[in-house]
Amino acid sequence: MGLSSLYLVNPKRFPDPQADWRAAGALDVVASAKVLDSLEDAIGDCGFVAGTSVRDRHIPWTVKSVEEFALDVVSMSEAAKPLAVLFGRENNGLSNDELAMCNLHVRIPSSDVYGSLNLAMAVQIVVYELFKARGNSEVKAGWDRRHATHSEIVAMYEHLDRVLNAIGFFDPSAPRTAYTRFQRMFGRIELDETEVQILRGMFTHIERAIAVPRD
């Protein structure tokens, strides 16, 4: 389907002879796959991250069908790239923490009676939709700044967490669902590098303000 960048996070076995014979003419993709110990390392430089999921979350997340997602991808500006599509484990997919790292959740429409697909089928459907959409795409006008990378977004979340704790925003007796909603909101916005810098500058000013003794 024209994709060549494959990242494997903490695989049980690699290289794997089964992967070689299953590659069916795409052995170069397997041979050049990058193996990493953590998901953070795999997506750290990405400007946009989409996670595949069949589960509903306690806090609703932005969800699109795979066809809608593919059309969005081909019209994205270069500022959003590199872009990652995450696929989870064969038995239980992506965890809630892993899905929280994504800007968007992608779902393959299927029957309510049995909606689960095995991993190979899910990957094939997603990459086919991406391949199909690329043949009917129009280039989106360029953005004036590149999208913030995943690492920059994570650092911003950590900064936000410090500030919110410092001002007593969180209720210690209640679950911190507000923090997850902040992640969902910022993921939906697709922040660029300058917007992240502005937000972190604002957080720094808040930290300075609350550190100043008041009469």
Side-chain angles (χ1 to χ4, degrees), residues 7 39-40 42-88 93-109 115 122 125-127 129-130 133-134 137-165 167 169-171 174-203 206:
Y7 285 63
L39 181 56
E40 290 83 357
I43 62 177
D45 65 342
C46 293
F48 191 94
V49 181
T52 53
S53 175
V54 297
R55 293 177 293 155
D56 291 323
R57 292 168 53 89
H58 173 64
I59 297 178
W61 212 265
T62 302
V63 178
K64 290 193 175 183
S65 72
V66 61
E67 186 174 21
E68 292 172 322
F69 165 66
L71 292 173
D72 285 348
V73 168
V74 296
S75 64
M76 283 181 180
S77 71
E78 290 298 316
K81 299 172 184 176
L83 176 146
V85 182
L86 306 186
F87 296 91
L94 295 167
S95 69
N96 285 337
D97 288 342
E98 290 162 347
L99 286 169
M101 298 180 186
C102 303
N103 299 91
L104 173 76
H105 294 175
V106 178
R107 189 164 295 173
I108 299 171
I125 290 172
V126 172
V127 299
E129 289 293 343
L130 288 170
R134 285 201 302 271
S137 65
E138 294 182 359
V139 177
K140 184 178 180 180
W143 196 244
D144 64 336
R145 296 288 188 276
R146 68 166 175 81
H147 281 210
T149 66
H150 175 74
S151 296
E152 291 167 340
I153 294 292
V154 168
M156 184 199 73
Y157 285 150
E158 292 172 349
H159 199 169
L160 172 64
D161 186 54
R162 291 197 306 270
V163 171
L164 294 179
N165 276 292
I167 63 176
F169 179 83
F170 295 122
D171 181 353
R176 290 176 56 192
T177 57
Y179 183 76
T180 302
R181 289 184 181 275
F182 276 124
Q183 289 181 295
R184 181 182 69 173
M185 177 181 69
F186 287 127
R188 187 169 64 245
I189 294 172
E190 300 176 29
L191 296 166
D192 67 32
E193 59 177 335
T194 301
E195 290 164 342
V196 167
Q197 292 170 1
I198 291 171
L199 285 169
R200 295 201 64 182
M202 179 179 69
F203 300 159
I206 293 173

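Both backbone and side-chain heavy atoms feed into the values below; hydrogens, waters and symmetry mates do not. Along the sequence shown, residues carry numbers from 1.
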Qualifying residues under side-chain contact (heavy atoms from CB on, under 4.5 Å), relative to Gln197, sequence neighbours excluded: none

His147 side-chain N/O to Phe48 backbone N/O, donor-acceptor pair under 3.5 Å: no

Partners meeting side-chain contact (heavy atoms from CB on, under 4.5 Å) with Ile198 (sequence neighbours left out): Thr194

Parallel, tilted or perpendicular, as decided by the 30° and 60° cut-offs, for the rings of Tyr157 and Phe186: tilted

Heavy-atom closest pair, residues Cys46 and Leu83: SG-C, 4.5 Å

side-chain contact (heavy atoms from CB on, under 4.5 Å) partners for Ile125, two or more places apart: Val66, Ile108, Leu117

Non-neighbouring partners of Asp45 that pass side-chain contact (heavy atoms from CB on, under 4.5 Å), sequence neighbours left out: Pro82

Set of residues satisfying side chain to side chain donor-acceptor pair (under 3.5 Å) with respect to Ser151, sequence neighbours excluded: none

Within-4.5 Å side-chain heavy-atom neighbours: Val85 and Val106: no

Over all atoms of both residues, closest heavy-atom pair of Arg107 and Pro109: O-CD, 3.4 Å

Salt bridge (charged side-chain N to carboxylate O under 4.0 Å, His left out) contacts touching residues 60-71 (sequence neighbours left out): Lys64-Asp72

Those residues that, when tested against Glu193, pass side chain to side chain donor-acceptor pair (under 3.5 Å) (two or more places apart): Arg146

Derivation and outcome, side chain to side chain contact (heavy atoms under 4.5 Å, CB included), residues Leu86 and Glu98: CA-CA 9 Å; Leu86 306 186; Glu98 290 162 347; 5.5 Å; no

Side-chain heavy-atom pair Arg145, Glu195 within 4.5 angstrom cut-off: no

Side-chain heavy-atom pair Arg162, Phe203 within 4.5 angstrom cut-off: no

Residues that Phe69 engages under ring-ring contact (aromatic ring centres under 6.0 Å, His included), provided they are two or more places apart: none

Residues in side chain to side chain donor-acceptor pair (under 3.5 Å) contact with Gln183, at least two apart in sequence or another chain: none

Leu191 vs Leu199 side-chain heavy atoms within contact, under 4.5 Å: yes

Nearest heavy atoms of Leu94 and Thr52, plus distance in Å: CD1-O, 3.5 Å

Spacing of CZ belonging to Phe170 relative to CG belonging to Asn165, to within rounding of 0.5 Å: 5.5 Å

